[in-house]
Amino acid sequence: MPDSEANRSIMDLGRPYLIVLGNEKGGSGKSTTAMHIVVSLLREGYRVGTIDLDARQRSLTRYIENRRAYAAKKGMDLPMPIETVVAKSVSRSVDDAEADEKARFEEAYVNLIDKVDIVVVDCPGSDTFLARLAHTAADTLVTPVNDSFVDLDLLARVNPSNFKVEGPSLYAEMVWKARQRRQLADGASIDWVVLRNRVGMLHAKNKERVEGVLNELTRRIGIRYIPGLSERVVYRELFLRGLTLMDLKDAKGVDGAGLSMSNVAARQEVRKMMDALNLPFRQKAKVNA
Ligand SMILES: Nc1ncnc2c1ncn2[C@@H]1O[C@H](COP(=O)(O)OP(=O)(O)OP(=O)(O)O)[C@@H](O)[C@H]1O
Ligand SMILES: [Mg+2]
């Protein structure tokens, strides 16, 4: 567990570590994965802030609000992040809107600097200026994709007859530019992790092909790909109570949401995902433990 008070910055960055959940593809699992990362880190003792850049849906923020309401209703002491929302600018001039959004994104982050160890940013499922800002600032960029060529289409152009990668596509090019801007800004690199979400048991051939493409992409566009969450009803059900699988022990006996065998397996896959993210401050904490 980190000693947050004594060690203001967990990575000696002089600022919180920034994890960004991004993918221009809507519904790929960004907000669900973000919430599981947030709660896993809270339960490990880190102080976590969130910035929701999807001010229209506010899925991550609503998830957190549901959590606060549920904890209050049940008299439970659930660890909570500090949540913030940054909305799109209403300015009609593109230049003014971008300047306004940049200022508000930076303000949201700066406001969290002394209060948290990690900031988790949830991007909308579309290409926006705010999302680009966040991508450029990321220390770790997490991109959930479903096991389908529809999702992969934003990462790579794939030849339909032999399933070979022909080149990067829209979103990968955006991330490439973000990495370039970041290099120029402070020489840092962005660890880009593509995470497979809603992995199912069926369609083994499709899964194999998707894996082949992702393997090729690790070399061609510098991603790391890791297993994420399986397709499970429990990930959808927990939203209304603001809980994640990492909380279910607490909820046991309160409303019957105890741990079934499948929940135990699900919790294990969340832990595996967290480990595979290879967040450097967690590695450091392990070494120091
Ligand atoms: N592993 C999973 N198993 C089952 N359902 C899932 C899983 N991951 C996400 N979902 C469900 O899929 C839907 C989309 O997930 P989520 O809102 O996390 O995606 P998103 O990428 O944030 O979407 P958007 O681009 O609209 O912001 C939600 O209904 C969510 O509950
Ligand atoms: Mg979302």
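Each ligand, and each atom within it, is numbered from 1 in the order the structure gives. All residue numbers refer to positions in the sequence shown, counting from 1.
- Listed by chain and residue number, the protein N/O/S atoms under 2.8 Å of the Mg ion (ligand 2) are S31 OG, with waters left out.
- Counting only heavy atoms of the protein, atom 3 (N) of ligand 1 lies nearest to R232 N, 3.1 Å.
- The ring-ring contact (aromatic ring centres under 6.0 Å, His included) analysis of residues 217-245, with sequence neighbours excluded, yields the pairs H36-Y235, Y63-F239.
- Nearest non-hydrogen protein atom to atom 7 (C) of ligand 1 is R198 CG, 3.6 Å.
- Of all protein heavy atoms, the one closest to atom 8 (N) of ligand 1 is N197 ND2, 3.1 Å.
- Remark: ligand 1 and T32 share an N or O pair separated by less than 3.5 Å (distance only, no angle test).
- Annotation: atom 27 (O) of ligand 1 to nearest protein heavy atom, D54 OD2, 3.6 Å.
- Closest protein heavy atom to atom 20 (P) of ligand 1: K30 N, 3.4 Å.
- Salt-bridge formation is detected for the pair R68/E83: a Lys NZ or Arg NE/NH1/NH2 atom is positioned less than 4.0 Å from an Asp or Glu carboxylate oxygen.
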Quick one: do D54 and K30 satisfy salt bridge (Lys or Arg N to Asp or Glu O under 4.0 Å)? Show the steps, please. CA-CA 11 Å; D54 192 354; K30 293 177 289 295; over 6 Å; no

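- The distance from ligand 1 to the heavy atoms of G26 drops below 4.0 Å at these ligand atoms: 25 (O).
- Between E98 and K102, no side-chain nitrogen of the basic residue sits less than 4.0 Å from a carboxylate oxygen of the acidic one, so the salt-bridge criterion is not met.
- Ranking protein heavy atoms by distance to atom 17 (O) of ligand 1, first place goes to S31 CB, 4.2 Å.
- The pair D139-R15 meets the salt-bridge criterion, since a charged nitrogen lies less than 4.0 angstrom from a carboxylate oxygen.
- Within the model, atoms CZ of R47 and CG of L42 stand 11.5 Å from one another, a figure rounded to the nearest 0.5 Å.
- The nearest non-hydrogen atom to atom 5 (N) of ligand 1, considering only E269, K25, Q57, R236, comes from R236.
- Between the side chain of R196 and the main chain of P227, no donor-acceptor pair closer than 3.5 Å is present.
- Using a 4.5 Å cut-off between side-chain heavy atoms of Ile, Leu, Val, Met, Phe, Trp and Tyr, with links allowed through other members, I82 and F105 fall into the same hydrophobic cluster.
- The closest approach between any non-hydrogen atom of P144 and ligand 1 is not below 4.0 Å.
- The shortest N or O to N or O distance between G29 and ligand 1 is under 3.5 Å.
- Only one option out of R267, R43, R241 pairs with D247 in a side chain to side chain donor-acceptor pair (under 3.5 Å); it is R43.
- The ligand atoms of ligand 1 that sit less than 4.0 angstrom from a heavy atom of L229 are 1 (N).
- Interatomic distance, CG of D153 versus CG of L170, reported as 8.5 Å (0.5 Å rounding).
- Residue pairs satisfying the ring-ring contact (aromatic ring centres under 6.0 Å, His included) criterion with at least one member in residues 120-148, sequence neighbours excluded, are listed as follows: H135-Y171.
- Heavy atoms of other residues, nucleotides or ligands lying less than 6.0 angstrom from CZ of R58 number more than 12.
- Within ligand 1, the atoms closer than 4.0 Å to a non-hydrogen atom of G125 are 25 (O), numbered from 1 in the order shown.
- The shell of residues lying under 4.0 angstrom from ligand 1, judged by heavy atoms, includes G27.
- Partners of Y109 by ring-ring contact (aromatic ring centres under 6.0 Å, His included), not counting sequence neighbours: none found.
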Take Q268 and R271 through the test side-chain contact (heavy atoms from CB on, under 4.5 Å) and record every step on the way to the result. CA-CA 5 Å; Q268 199 49 34; R271 288 204 175 112; 3.8 Å; yes

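- Remark: ligand 1 and S28 share an N or O pair separated by less than 3.5 Å (distance only, no angle test).
- Of the candidates S230, A266, S59, the one placing a heavy atom closest to atom 2 (C) of ligand 1 is S230.
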